[in-house]
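Just below is one structure, and these are the notes that go with it.
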Number of protein chains: 2
Amino acid sequence: MAWTGDEQIVDGFVERAFLLPPTISESAIHGVYRTPLSGDTDRLVLVGHGGGNDDAHKHSGYIVAIAGLLAERNIASLSIDGPGHGDRATFRFEGHPGEIERAWASGGGTPGVVADWRAALDFIEAERGARPTGWWGVSMGTMMGVPVIANDDRIRIAVLGLMGIWQAIGPDLERLAPDVRCPLRFLVQWDDETIPRQTCFELFDRLGSTRKTLHANPGRHSGIPRFEFEASADYLSRHLR
Amino acid sequence: MAWTGDEQIVDGFVERAFLLPPTISESAIHGVYRTPLSGDTDRLVLVGHGGGNDDAHKHSGYIVAIAGLLAERNIASLSIDGPGHGDRATFRFEGHPGEIERAWASGGGTPGVVADWRAALDFIEAERGARPTGWWGVSMGTMMGVPVIANDDRIRIAVLGLMGIWQAIGPDLERLAPDVRCPLRFLVQWDDETIPRQTCFELFDRLGSTRKTLHANPGRHSGIPRFEFEASADYLSRHLR
């Protein structure tokens, strides 16, 4: 298993799908690789999607938007479906408590997430070469990002946020956060109705990076302002030069 | 009283001092007006200094640095000594509790601060014309900035921070913060040993602006990173266009 189709032009970038064998869990890794219209580039960002509903996956609207902002800055990006989401869904989300934990467990928990992203990055590096690499992911994209970054020093810069030391994944995040040492920006929504603000502060506090900046804006969990998305792409672009 | 000397070239900008009659307190207003080396410009920022020590005044090192960053971006700036500071000092600071409150009171309290800055802006507008105007001031620069902005709608954009709903000035800040309605950026130092972080969050929360972003970095009260200073000048520059 590897590339599963030809390149397609989508929303201002070129997208190609791939499929990789299972690592720790039983489900294969469904991914997409996105490059600027002008061709492949010498910088890469791993983009992790949010979770907890049926529209949260590697083709979510704001994930496509971030990929577009990165492509505009001549940066390639890579996304895979998180555990229990998108092409790896094992149940429909209905808004009940515990669904995120159930989805997370279906992918082999934190070790499964780390192994899947490592396999995806290995694949892209084998196909396209190793390059300066960053992470962009908020909410479940940070649930995935903290373990991945803590375990893979190829990732040298990150945008995280909308996540705290929280619920079932909390102990893993608390344990692994000090091992995140790259410069990072951490996004908080001041009126987050899903992840209590104070738990986000606790996760930010615990991250091991000496260069880390928290950006907080008024609004609910899904309301990150457009200018903050754009600024996060600029931030990654500056630091991957 | 008005301009008190010729223009002088200082640290990458041109500086000219002025002196205005007292407003509410008995002390005259000691100010400086700073313009890019290339001449006066069509944008202006009021820069308010921090307080509580003898080195805190209109010529403090980081105030001069901010004026330089603004001048690089073709923005003029205006600074006056705050109550009980610089040329308006009525006692030497020795680090005792209550000194800030004593200095603040010596200038006529919050109404005195508002009147002094209004007089200074009136003077510069009369001399050089009215222009899109912003505010930059953290710590005591925010103690001054919140009342000034709440009372003067000429100020359309602000950088604030390092201040909370705190000590004797707290009730005034709490009362006036909802009347601050311009877009703003609010800087917090995560390990602030002077102004407890939580009180800064409370002030940010209470500010009336719908577009407001909090930026927090690790470090102590005086440790705002250089990149955050530069980014704050970029922010003002973008919004004053």
Side-chain angles (χ1 to χ4, degrees), chain A residues 138 157-165 177-178 180-193 196-220 223-241, chain B residues 138 157-165 177-178 180-193 196-220 223-241:
Chain A
V138 298
I157 178 78
V159 173
L160 300 170
L162 303 191
M163 183 46 57
I165 294 181
V180 171
R181 299 185 188 282
C182 66
L184 63 88
R185 182 172 291 182
F186 192 96
L187 308 184
V188 169
Q189 287 292 97
W190 198 254
D191 311 295
D192 196 319
E193 78 287 7
R197 182 166 76 211
Q198 189 58 38
T199 73
C200 296
F201 292 160
E202 288 164 9
L203 177 55
F204 174 73
D205 202 28
R206 194 155 172 81
L207 290 163
S209 311
T210 53
R211 290 196 64 168
K212 56 182 178 182
T213 304
L214 182 147
H215 285 197
N217 289 285
R220 290 162 64 89
I224 293 176
R226 170 83 188 179
F227 73 80
E228 199 67 81
F229 278 107
E230 290 174 357
S232 73
D234 287 336
Y235 172 75
L236 293 172
S237 180
R238 272 198 309 280
H239 283 79
L240 288 174
R241 271 196 203 114
Chain B
V138 298
I157 178 78
V159 174
L160 301 170
L162 303 190
M163 183 46 57
I165 293 180
V180 171
R181 300 184 187 283
C182 65
L184 62 88
R185 183 173 290 182
F186 193 95
L187 307 185
V188 169
Q189 286 292 96
W190 199 252
D191 311 295
D192 196 319
E193 77 286 7
R197 183 167 78 212
Q198 188 57 40
T199 72
C200 296
F201 293 159
E202 288 164 8
L203 177 55
F204 174 74
D205 201 29
R206 194 155 172 82
L207 290 162
S209 310
T210 53
R211 289 196 64 168
K212 56 182 178 181
T213 304
L214 182 148
H215 284 197
N217 289 285
R220 289 162 65 88
I224 292 176
R226 170 84 189 181
F227 73 80
E228 200 69 80
F229 279 108
E230 291 174 356
S232 73
D234 287 335
Y235 172 75
L236 293 172
S237 179
R238 270 200 310 280
H239 283 80
L240 289 173
R241 273 199 200 110

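Chain letters run A, B, ... following the sequence lines, proteins first, then strands; residues in each count from 1.
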>> Under the rule for side-chain hydrogen bond (donor to acceptor under 3.5 Å, both in side chains), what residues qualify as partners of B:Thr199, not counting sequence neighbours?
In response: none
> What parts of residues 205-216 of chain B touch chain A if we use heavy atoms and a cut-off under 4.5 Å?
Replying inline: B:Asp205, B:Thr210, B:Arg211, B:Lys212, B:Thr213, B:Leu214, B:His215, B:Ala216
>> Heavy atom to heavy atom, less than 4.5 Å: which residues from residues 226-236 of chain B reach chain A?
In response: B:Phe227, B:Glu228
>> Under the rule for salt bridge (charged side-chain N to carboxylate O under 4.0 Å, His left out), what residues qualify as partners of B:Arg220, not counting sequence neighbours?
In response: B:Glu193
> Which bit of A:Phe204 is near chain B, if near means a heavy-atom gap under 4.5 Å: side chain, backbone, both or neither?
Replying inline: side chain
